[in-house]
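To keep things clear, I will list the structure first and then write my remarks on it.
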Amino acid sequence: MADLLEAYLKIDTCSFPVWLDNGRMIAFIANCCNQTQIHLMDIRDHSILHTVTVNAKITGLLSAAVDRMLFFCADTANRENEQIYQLQCGQETMEKPLIETPAAKCTLCSVLRQEERKLVYFSNQRSGRYFDLWLQNIATGESEILLQNDEAFLEPIYGGLSPQNNALLYLRSLSPSQKQLMLLELKDRTVHPTISDLTSARFDDAAWLADGRRFYVITDFEREYSHVRCYDTVTHQWEIVYSPQNDVTRLALSADNHYIAMVVNEGGWFTMHVMDAEKKEMIALPPLPGGVISYFDHIAFSPQGHQLLFSFSSSTMPENVWMLDLDNSDVRQLTFAGTDCLPSVSFAEPQLCSFVSHDGLTIPYWLYRPREMEDRPLPVIIRIHGGPEGQSIPYFEGWIQYLIQSGFAIADPNIRGSIGYGKTYEHLDDKALRHNVFQDIACLARHLYDTDTALPGKIALMGKSYGGYVALNCAVRYPSLWRCVVFQSGMNDLANFLRGTAPFRRAIREAEYGSLDTDEAVLRSLSPLGYLRQLKAPLLVLHGMNDTRVPAADIIRMVNQMIADGKEVQYCYFDKEGHTLRDPASIVHCYTLISVFLLQQMTKET
């Protein structure tokens, strides 16, 4: 079992493509045998020109596209304090950070294309709680605060720098779904809200027109779904450009401003759409495979011509880099990382299903079953996504395919609070409404039994982070429904979580869960810690000792109390690991523990 599981866990992927050298080269992140690498490719013959191994998680790549210089953030200490690095084409190894603040977190923003190359970034190095906007002269290494902030959580927006390098868009975030789009004049450092009354909404990718006066941006301002608008910085007027009855998730504008490319989330399937910007008409595209386009990264037009980079994955295809060539009406795969050692024909594709929850709300879920076992009851694992502002989507996960090949069915629900179904649905779990989420999962379990999808007494719960929090809540509130539960990196007490989480994260999360000052009773009622004596199902607890989001001390106390109470609990604490496991040995060990636990518990007689 161990060798096969490790093979599934080590399936390679490629993602985060960016243009270099005026479109003659691209760079992308490759995960090869659990090693993170940056590859540079000649776009003309697809040959790999250079590879650098980075012993850390990389959070995106940034380039000016016109030269061979790359910037990226990496978390070498696994404490979510990313540092900024610079990479030149031909550089053999990752050198020390360009910006090194080990006790603080940095986020890349933009590269100013001037005679003296300058980098704009966000960092909380001054206060720990608030992020300021910084400017560094790359040649001298000197940094200065461009915009000091003592109020809210500031973060970049992709494509925020104007072509003339005189204006920068950024986000003032009140919560993950409530943001204010701000415009900073770089010359005099004045700030202007793009919406005069500071109304908050969701904002994502931006794209400036060549005139530097107008820009496109994704937003759900005044609408149920995220759509594309154009803003005029002189007249301060908004124009709706494209507004489907689904969320637009990604946006790119061709260098000549002729084409607007957009990715649309259609119930979990992500589709590409391209509009002729002058005619305001959609153009026909060559056929693209069905799956997920650039869920975690961005799409990008070439500096010249109309070639569009994106990443693509499906339930049966590992993530790779693709290119849509509008000039030649062609789409092609550029990288082929993946399943050399595993038969892809055996990979399971999900069926999109739904059930009706306790209050009449229809909840969608993806159902995976082993091939040739689709018509019989099986042991089922309900897997709850993180977030809360997350979404279960049909992209490739070797670990899940391994469980399916082991004879399990997997149900991935998009419970209320998930993104992708409009902002009304997203906010159905806010604060005290979160009790309904737990009932959603209980209703799904009963639905799986009623439809003969699940074998009697053979439903397991599994979740990580927020998903682990929901799983543990369901385990203690509906104790007779579950055969076993996997609780990974989850919260067990919302009040303690808010007190102990990183200072910059607390205000953002209070908007979602409730305030320590005014909502402590609600926080207690929504926490599984007070109901642990009701737990009946065996529990597996997994947690990183360096977790800065959910402090490990709370979880260790909980496990010790459960052991004292005679509960059936297994646990593993990972040294030098944070909220997400990074070390390949830790990853293999973690998922081996989960696999053994599930196989042992789900094969027991009930």
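Owing to the predicted nature of the structure, the values given are computational and were not obtained by experimental measurement. In what follows, residues are counted from 1 in the order of the sequence shown.
Looking at heavy atoms from C-beta onward, I299 lies out of side-chain contact with M262 at the 4.5 angstrom threshold. Considering only heavy atoms from C-beta on, Y158 stays 4.5 Å or farther from I218 through its side chain. The shortest side-chain heavy-atom distance between L181 and V217 falls under the 4.5 Å cut-off. In this structure, the side chains of Y225 and D220 stay at 4.5 Å or more apart for every pair of heavy atoms. At a threshold of 4.5 Å between non-hydrogen side-chain atoms, the residues R505 and R549 count as touching. Under the 4.5 Å side-chain criterion, counting only non-hydrogen atoms from C-beta, L49 is not in contact with M41. Using a 4.5 Å heavy-atom threshold, the side chains of L146 and L184 count as touching. Under the 4.5 Å side-chain criterion, counting only non-hydrogen atoms from C-beta, S314 is not in contact with F396.
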message = Is there a ring pair (Phe, Tyr, Trp, His ring centres under 6.0 Å) between F71 and Y85? Walk through the geometry before answering.
response = CA-CA 6 Å; F71 302 91; Y85 294 81; over 10 Å; no
ask   = Going through the checks in order, is the side-chain contact (heavy atoms from CB on, under 4.5 Å) test met by I38 and L70?
value = CA-CA 10 Å; I38 296 176; L70 272 175; 3.9 Å; yes
message = What verdict does the side-chain contact (heavy atoms from CB on, under 4.5 Å) test give for V120 and L168, after you've listed the backbone C-alpha separation in whole Å, the side-chain angles of each residue and the deciding distance to 0.1 Å?
response = CA-CA 10 Å; V120 182; L168 180 72; 3.8 Å; yes
ask   = Run the salt bridge (charged side-chain N to carboxylate O under 4.0 Å, His left out) check on D42 and R44 step by step: do they pass?
value = CA-CA 5 Å; D42 188 317; R44 294 163 293 189; 2.9 Å; yes
message = Between E426 and R202, does the salt bridge (charged side-chain N to carboxylate O under 4.0 Å, His left out) criterion hold? Intermediate values first, please.
response = CA-CA 12 Å; E426 181 181 349; R202 185 184 292 278; 2.5 Å; yes
task = Could you give me the CA-CA distance, side-chain angles and deciding distance for L285 and V274, then say whether side-chain contact (heavy atoms from CB on, under 4.5 Å) is met?
result = CA-CA 8 Å; L285 299 178; V274 177; 3.8 Å; yes
request  = Take D205 and H298 through the test side-chain hydrogen bond (donor to acceptor under 3.5 Å, both in side chains) and record every step on the way to the result.
outcome  = CA-CA 8 Å; D205 299 1; H298 301 277; 3.3 Å; yes
ask   = side-chain hydrogen bond (donor to acceptor under 3.5 Å, both in side chains) between N265 and T249: does it pass, once the steps are laid out?
value = CA-CA 7 Å; N265 180 351; T249 62; over 6 Å; no
key: S173 and E155: CA distance, side-chain angles, deciding distance, side-chain hydrogen bond (donor to acceptor under 3.5 Å, both in side chains) verdict   = CA-CA 7 Å; S173 299; E155 58 182 321; 2.4 Å; yes
request  = Could you walk me through whether Y8 and Q405 pass the side-chain contact (heavy atoms from CB on, under 4.5 Å) test, one step at a time?
outcome  = CA-CA 11 Å; Y8 274 93; Q405 301 310 311; 3.2 Å; yes
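Using cut-offs of 30° and 60° for the angle between ring planes, the F270 and Y295 rings count as perpendicular. Taking the six-membered ring where the residue is Trp, F131 and F153 present perpendicular rings, their angle passing 60° and hence far from 30°. Ring geometry, Y395 versus F296: the interplanar angle exceeds 60°, so the pair is classed perpendicular (tilted spans 30 to 60°). Using a 30° and 60° split on the angle between ring planes, Y231 and F215 fall in the tilted class, from 30° to 60°.
The residues R332 and D330 are annotated as salt-bridged, a charged nitrogen and a carboxylate oxygen being separated by less than 4.0 angstrom. Of the charged side-chain nitrogens involved, at least one lies within less than 4.0 Å of a carboxylate oxygen, so that E6 and K10 count as a salt-bridged pair. Between E144 and R189, at least one side-chain N (NZ, or NE/NH1/NH2) sits under 4.0 Å from a carboxylate O, which counts as a salt bridge. A salt bridge does not link R214 with D232: every distance from a Lys NZ or Arg NE/NH1/NH2 to an Asp or Glu carboxylate oxygen is 4.0 Å or more.
Between the side chain of S294 and the backbone N or O of S311 there is at least one donor-acceptor pair closer than 3.5 Å. When atom types are taken as modelled, the side chain of N165 and the backbone of P163 share a donor-acceptor pair closer than 3.5 angstrom. A donor-acceptor contact shorter than 3.5 Å is absent between the side chain of T101 and the backbone of A103. Panel note: side chain Q307, backbone M323; no donor-acceptor pair is recorded below 3.5 Å. A donor-acceptor contact shorter than 3.5 Å is absent between the side chain of N546 and the backbone of G578. Side chain of Q83 to main chain of N81: a donor-acceptor pair is present (N/O by atom type, distance under 3.5 Å, no hydrogens or angles). Between the side chain of D327 and the backbone N or O of H306 there is at least one donor-acceptor pair closer than 3.5 Å. With S465 contributing its side chain and G467 its backbone, the two residues share no donor-acceptor pair below 3.5 Å. A donor-acceptor pair under 3.5 Å is formed between the side chain of R126 and the backbone N or O of N149. A donor-acceptor distance shorter than 3.5 angstrom exists from the side chain of R229 to the backbone of F221, with no hydrogens or angles considered.
Between the side chains of S418 and H385, at least one donor-acceptor pair of N or O atoms lies under 3.5 Å. A donor atom on one side chain and an acceptor atom on the other are not found under 3.5 Å apart for D256 and Q304. No donor-acceptor contact under 3.5 angstrom links the side chains of D297 and S15, judged on distance only. D276 and Y259 are not linked by any side-chain donor-acceptor pair at a separation below 3.5 angstrom, with hydrogens and angles left out of the test. T194 and H192 form no side-chain donor-acceptor contact under 3.5 Å, judged by distance and modelled atom types alone. In this model, no donor atom of one side chain and acceptor atom of the other lie less than 3.5 Å apart for R383 and S392. Using modelled atom types, one finds a donor on one side chain and an acceptor on the other under 3.5 Å when comparing N31 with T36.
Taking each heavy atom of V241 and Y216 in turn, the nearest pair found is CG2-CE2, 3.8 Å. Contact record, F574 with C590: CZ-CB, 3.6 Å, taken as the closest heavy-atom pair. Y402 and L5 make their closest contact through CD2-CD1, 3.6 Å (heavy atoms, listed as atom of the first residue, atom of the second, distance). Nearest heavy atoms, P17 versus F28: CA-CB, 4.0 Å. Taking both residues in full, the closest heavy atoms of A348 and T316 are given as O-CG2, 4.0 Å, listed atom of the first, atom of the second, then distance. A255 approaches S302 most closely through the heavy-atom pair CB-O, 4.0 Å.
Considering CG of D204 and NZ of K179, their distance stands at 7.5 Å, rounded to 0.5 Å. Here the OG1-CD distance, from T53 to Q37, works out to 4.0 Å after rounding to the nearest 0.5 Å. Once rounded to the nearest 0.5 Å, the distance linking CG of L186 with CG of L147 reads 10.5 Å. The CD1 atom of I410 sits 15.0 Å away from the CH2 atom of W366 when rounded to the nearest 0.5 Å. Distance CG/N414 to CD1/I393: 9.5 Å, rounded to 0.5 Å. Atom CE in M272 sits 6.5 Å away from atom CG in L288 (nearest 0.5 Å).
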